Number of protein chains: 2
Amino acid sequence: MPAAPLIERLEVRPWRITPQRRAVAESLVGEHVHLSADEVFTRARAGFPEISRATVYNTLNELVAMGEVLEVRPPSGPVRYDPNGADRHHHLVCTGCGALFDVRPDGVEALRLTDSQRHGFRVDDVEVVFRGRCATCP
Amino acid sequence: MPAAPLIERLEVRPWRITPQRRAVAESLVGEHVHLSADEVFTRARAGFPEISRATVYNTLNELVAMGEVLEVRPPSGPVRYDPNGADRHHHLVCTGCGALFDVRPDGVEALRLTDSQRHGFRVDDVEVVFRGRCATCP
DNA sequence: GTATATGCAAAGCATTTGCATTAAA
DNA sequence: TTTAATGCAAATGCTTTGCATATAC
């Protein structure tokens, strides 16, 4: 079962909902959405024209810190923001054009580190990135 | 069987070996080495004091393009360079301090994308990142 | 000899910061 | 009323670029 929409999850948190923050959250709705901060800024201005870049960055960083949004670092270019941070999933990236999809591969639960590989870490999370070429990149 | 040392692999390529490039390659020897461009710059100056930052960046980018060195993008901070690009392996990252280790987890071969998950891609590579807290980060 | 690598300094881009102002609870 | 969010503009950090010079092959 997919988690509730981002904006609804935010309403039940101790976090001030301002028009700016609402506009940022609404920019991020949907499946397979992986916008850069600048794309979020452009979209957010549609809902709140006087929003500033600084506020977009502030808000995105807060959403990431809350675990509601996931940062994805593509092979090149700026960080992208994935609104399904609450839903465990992975990524498929084109090394040609940077196209990015969410995937839920089989076999993830089989991934294991041995004690000696763990280097004393407490492991919280596994992220899997499949790299390749999309249908239109040679 | 581990691959031959980086500098030896480079000698058999159609790639001019200059003192600067040699100094960069020699900065990258060893297991569990994940230096930033600036750390490479510092080390490379030990071998060739008049090397410039631009040359370090140029050289690292070429090594990445050749597949000899792997770029690793930590949760924050600059790109790091991993000399074992020729040896398939994965990473364990501390979300506190950024500490980074190579790992070879069990179960990677079980990772599978279904046709519908493949989105028309030709998948070349899978990278697994374990995230957690190292022994000294709370 | 010729193509290619280098160094320098300047430009580029993404992101963060300081601080006075404004608005949410 | 009080605490926190916003906007602006400047600063930062990392990386790339343009171009004249030097160098490996």
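Just so we're on the same page: letters track the sequence lines, and every chain starts at 1. This is a predicted model, so every value here is computed, not measured.
- The side chain of A:Gln20 contributes no N or O atom lying less than 4.0 Å from OP1 or OP2 of C:dA24.
- Between C:dA5 and B:Arg21, a contact under 4.0 Å exists linking OP1 or OP2 to a side-chain N or O.
- Rounded to whole Å, the distance from CZ on B:Phe48 to C1' on C:dA5 is 11 Å.
- Distances were taken from every side-chain heavy atom of B:Arg16 (C-beta onward) to each of D:dT6, C:dA5, C:dA14; the shortest belongs to C:dA5.
- Atom pair A:Tyr57:OH and C:dT15:P shows a separation of 4 Å (rounding to whole Å applied).
- A continuous path of Ile, Leu, Val, Met, Phe, Trp and Tyr side chains, each step under 4.5 Å between heavy atoms, connects A:Phe130 with B:Val103, placing both in one hydrophobic cluster.
- The nearest whole Å value for the distance from the CZ atom in A:Arg22 to the C1' atom in C:dA25 is 15 Å.
- Atom CG of A:Asn58 is separated from atom P of C:dG18 by 12 Å (rounded to the nearest Å).
- The aromatic rings of A:His91 and A:His89 sit perpendicular, their planes meeting at an angle over 60°, well past the 30° parallel limit.
- Heavy-atom contacts from other residues, nucleotides or ligands closer than 6.0 Å to CZ of B:Arg112 number 12 or fewer.
- Here A:Thr55 does not reach the OP1 or OP2 of D:dA5: none of its side-chain N or O atoms lies under 4.0 Å away.
- Classification of the B:Phe101-A:His119 ring pair by plane angle, with boundaries at 30° and 60°, yields parallel.
- A close approach under 4.0 Å does occur between a side-chain nitrogen or oxygen of B:Thr18 and OP1 or OP2 of C:dT6.
- Judged by the 6.0 Å distance and 45° axis criteria, A:Arg45 is positioned over the aromatic ring of A:Phe41.
- Atom CD1 in A:Ile17 sits about 12 Å away from atom P in C:dA24, given to the nearest Å.
- For C:dT15, its base never sits under 3.5 Å from the side chain of A:Arg53 at any donor and acceptor pair.
- Looking at heavy-atom distances under 4.0 Å, B:Phe41 makes no contact with the nucleic acid at all.
- The interatomic distance linking B:Glu39 (CD) with D:dG13 (P) rounds to 15 Å, in whole Å.
- If you check C:dT6, D:dA5, D:dT15 against the side chain of B:Val79, the one that comes closest is D:dT15.
- In this entry the distance linking CD of A:Glu50 with P of D:dC8 reads 9 Å, nearest Å.
- B:Asn61 comes within 4.0 angstrom of the backbone, heavy atoms only, and of no base.
- Rounded to whole angstrom, the span from the CG atom of A:Leu60 across to the C1' atom of C:dT16 amounts to 13 Å.
- Annotation: of the two residues near DNA chain D, A:Thr59 and B:Ala54, the 5′-most nearest-nucleotide partner is A:Thr59.
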